[in-house]
Amino acid sequence: MSDGQKVFTPSQPLEPGPRYGILSDFEPGTRTLEAGFRIAPPFKPLPVDIVLDKDVPVTLRDGVTIYVDVFRPAGTEQVPVIVAWSPYGKGQGTSASVMGIFGTVGLDNGIVSGLEKFEGPDPAYWCARGYAVCNPDIRGVANSEGDSVIWDRQEGRDCYDLIEWLGVQDWCTGKVAMSGTSYLAVSQWFTAAEQPPHLAAINPWEGVSDVYRDLVLRGGMPDTGFARQLQDNSYFGNNRKEDILAEVERHPLMDELWENKIPRFENITVPAYVVASYSNTLHTAGTFRAWRRMASEDKWLRVHNSQEWPDYYDEANVEDLRRFFDHVLKGEDNGWEQTPRVRYSLLDLQDGDRTDVPADQFPPADVTSTKYYLDGRTRTLGTAAPDAGATAGYAVAANPDLVSFVTRFDEETTLVGYPKVYLWVEADGADDMDLFVLVQKLDMHGTPLQAFTALNRGALAQDVTERGASILRYKGSDGRLRVSMRHLDKALATDDIPAHTFDRIEKLAPGEVVDVEIDLLPVGLTFHPGEQLRLVISGRSLLGTMMPGIREYEPANRGRHVIHTGGDHASYLQLPVKTACPGQSGPRN
């Protein structure tokens, strides 16, 4: 069983410091926070009286007790409740670490009350509109009992028990929802898959949905920089926490341990409002994967053009979410059912983006997957496969240690959907290859176009995103694959979206040329006449780290990487091209 495969390491108590907030002390009891109350000077005052039930014990099915804070409107009216499930301390909203993160992305701490969990719904807003908010310290965190786990079906079972406890409280209507970004989104996949009867809606706002493929071994490579940050700087408690770094070393291939960290998407049937972006190199693939595979008939997708935290706390977006919750949890006839099932964005990266473009599906129905063939002789991309074979490559220790191919668009061209590359490759002087690919937009002069996703675009933001912190600056759609892990999962792979089993290692023989398919993050990009697209292939990460200040992955490449093109080895980039208006032509080399 996967539980027996888990590795644990001692945790540390949550003590006063950067992650300790004003409400982090263990103080069981009920109090009323009156309208006008302000928990600290940077935060906004409460608009209404709020009852705080603090450090309430909830017993889970295995006898473990966790502690939760519940914020609810004063009075006797029954209300729905929104759960914010994560290992971040339930009183951390006023901590120096959270305030610092708001500053990093350019958010004013005054837009929230400080009562919210990091990345979670603000009780000041929701209580004023007839909702309660539940902030739990989950298993193993702070004063809650047990050993904590990282993104696991165990969390789904635990949150099931909390939801069923909340649903029968005398102040609750029996309707429970979940909301939040990042970890608070991931926990929603796992919880909804357990189908707690009182769960009425979920709102995952960008989150991984496969720990192996998204967090620790993307493309089969042990890139654990963010996992280390997550493990070391979260899960503060009195017992043990899961040691996912040790698990990566012991379980480099997909097995039952990692399968247990994939939600059962086919069991997710609850109404869902899913929010995604193209630019979050940690969450994008997982959010779109869950959206595709979840079984909910009532599901909506919005793809925004910024970073998750500014987007989550944006006033208009909070109001949009309230319309969804009011309709699903309160039964209000507010027209939500007329909301397009998909609203996507189109990034321009220069002259202004388009947002909230309506569609019935993603990709839109008028998108065609189109092959652009690599030509190793001319270093171009074209819609016709070259007759003659050619190669292009690089020595992994040289400068440059990459090879690229370019096409220029004659007419307005829009890409919306899932790109992929199909490559014939050879490792000269090695038996394996770590491959990294990137699709960039270039202006008509060949200059790469980029865009900050956060509001902070000053010198510090420039510095941290120069060679990393890819969630804060969009530089294009990327993908990666260790070639020995190239075996496709026939049950999951589609023509547009490759999926690999990651359950076997197939090394390369000297001189062997093999074909590989690599999925790239979904795109929404507009190209104006004269602008160009560049495909880059390298043996190192082209975007650097996901987050600021984490360790960068160092590939174990050696020798020379050779890309075969044309003839019997027709490598190509497949792009999701939206149907052009009459009279438009395609790209030219």
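All values below come from the heavy atoms of this structure, side chains included, with hydrogens, waters and symmetry mates left out.
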Only distances under 3.5 Å count here; give the side-chain donor-acceptor pairs of residues 384-394 to other protein atoms, sequence neighbours excluded, each with its distance to 0.1 Å.
| unit_1 | atom_1 | unit_2 | atom_2 | d |
| --- | --- | --- | --- | --- |
| Y394 | OH | S538 | O | 3.3 |
| Y394 | OH | G539 | N | 3.1 |
| Y394 | OH | H561 | ND1 | 2.8 |

Kindly write out the residues that satisfy salt bridge (Lys or Arg N to Asp or Glu O under 4.0 Å) with [X], not counting sequence neighbours, or none if the list is empty.
X    : answer
D401 : R540
D353 : none
R250 : none
E247 : none

By ring-ring contact (aromatic ring centres under 6.0 Å, His included), which residues pair with [X], not counting sequence neighbours?
X    : value
F527 : F409
Y312 : W205
W291 : none

Got a sec, which residues hit side chain to side chain donor-acceptor pair (under 3.5 Å) with R292, two or more places apart in sequence or on another chain?
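Per chain and number, R292 pairs via side chain to side chain donor-acceptor pair (under 3.5 Å) with Y418.
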
Pair W424 and H569, ring centroids less than 6.0 Å apart:
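For W424 and H569, the ring centres are under 6.0 Å apart.
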
State yes or no: are the ring centers of F405 and Y372 separated by less than 6.0 Å?
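Not close enough - the centres of the two rings lie 6.0 Å or further apart.
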
Please collect all ring pair (Phe, Tyr, Trp, His ring centres under 6.0 Å) contacts where either partner lies in residues 454-504, sequence neighbours excluded, each pair once.
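Counting only pairs at least two positions apart or across chains, the ring pair (Phe, Tyr, Trp, His ring centres under 6.0 Å) contacts touching residues 454-504 are Y212-F502, H500-F502.
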
Which side-chain N or O atoms in residues 439-456 pair as donor and acceptor under 3.5 Å with protein atoms at least two apart or in another chain?
| unit_1 | atom_1 | unit_2 | atom_2 | d |
| --- | --- | --- | --- | --- |
| Q440 | OE1 | R534 | NH1 | 2.9 |
| K441 | NZ | D348 | O | 2.6 |
| K441 | NZ | T526 | O | 2.6 |
| K441 | NZ | E531 | OE1 | 3.1 |
| D443 | OD1 | H445 | N | 2.8 |
| D443 | OD1 | G446 | N | 2.9 |
| D443 | OD1 | T447 | N | 2.9 |
| Q450 | OE1 | R473 | NH1 | 2.7 |
| T453 | OG1 | I471 | O | 2.7 |
| T453 | OG1 | L472 | O | 3.3 |
| N456 | OD1 | G458 | N | 3.1 |
| N456 | ND2 | T104 | O | 3.0 |

Using side-chain heavy atoms (C-beta onward) and a distance below 4.5 Å, is Y422 in contact with Q574?
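A side-chain contact is absent here, since even the closest heavy-atom pair is not under 4.5 Å.
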
Can you find a heavy atom in the side chain of E466 that is under 4.5 Å from one in the side chain of V464?
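They are not in contact (no side-chain heavy atoms under 4.5 Å apart), so the answer is no.
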
The criterion is side-chain contact (heavy atoms from CB on, under 4.5 Å); which residues satisfy it with S277, sequence neighbours excluded?
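Per chain and number, S277 pairs via side-chain contact (heavy atoms from CB on, under 4.5 Å) with E206, S279, N280, T284, H304.
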
Quick check on R551: does its CZ atom have over 12 non-hydrogen neighbours (other residues, nucleotides or ligands) under 6.0 Å away?
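Yes, the 6.0 Å shell around CZ holds more than 12 heavy atoms from other groups.
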
Please determine, by modelled atom types, if S369 and D496 share a side-chain donor-acceptor pair under 3.5 angstrom.
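Result is yes, a qualifying pair exists.
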
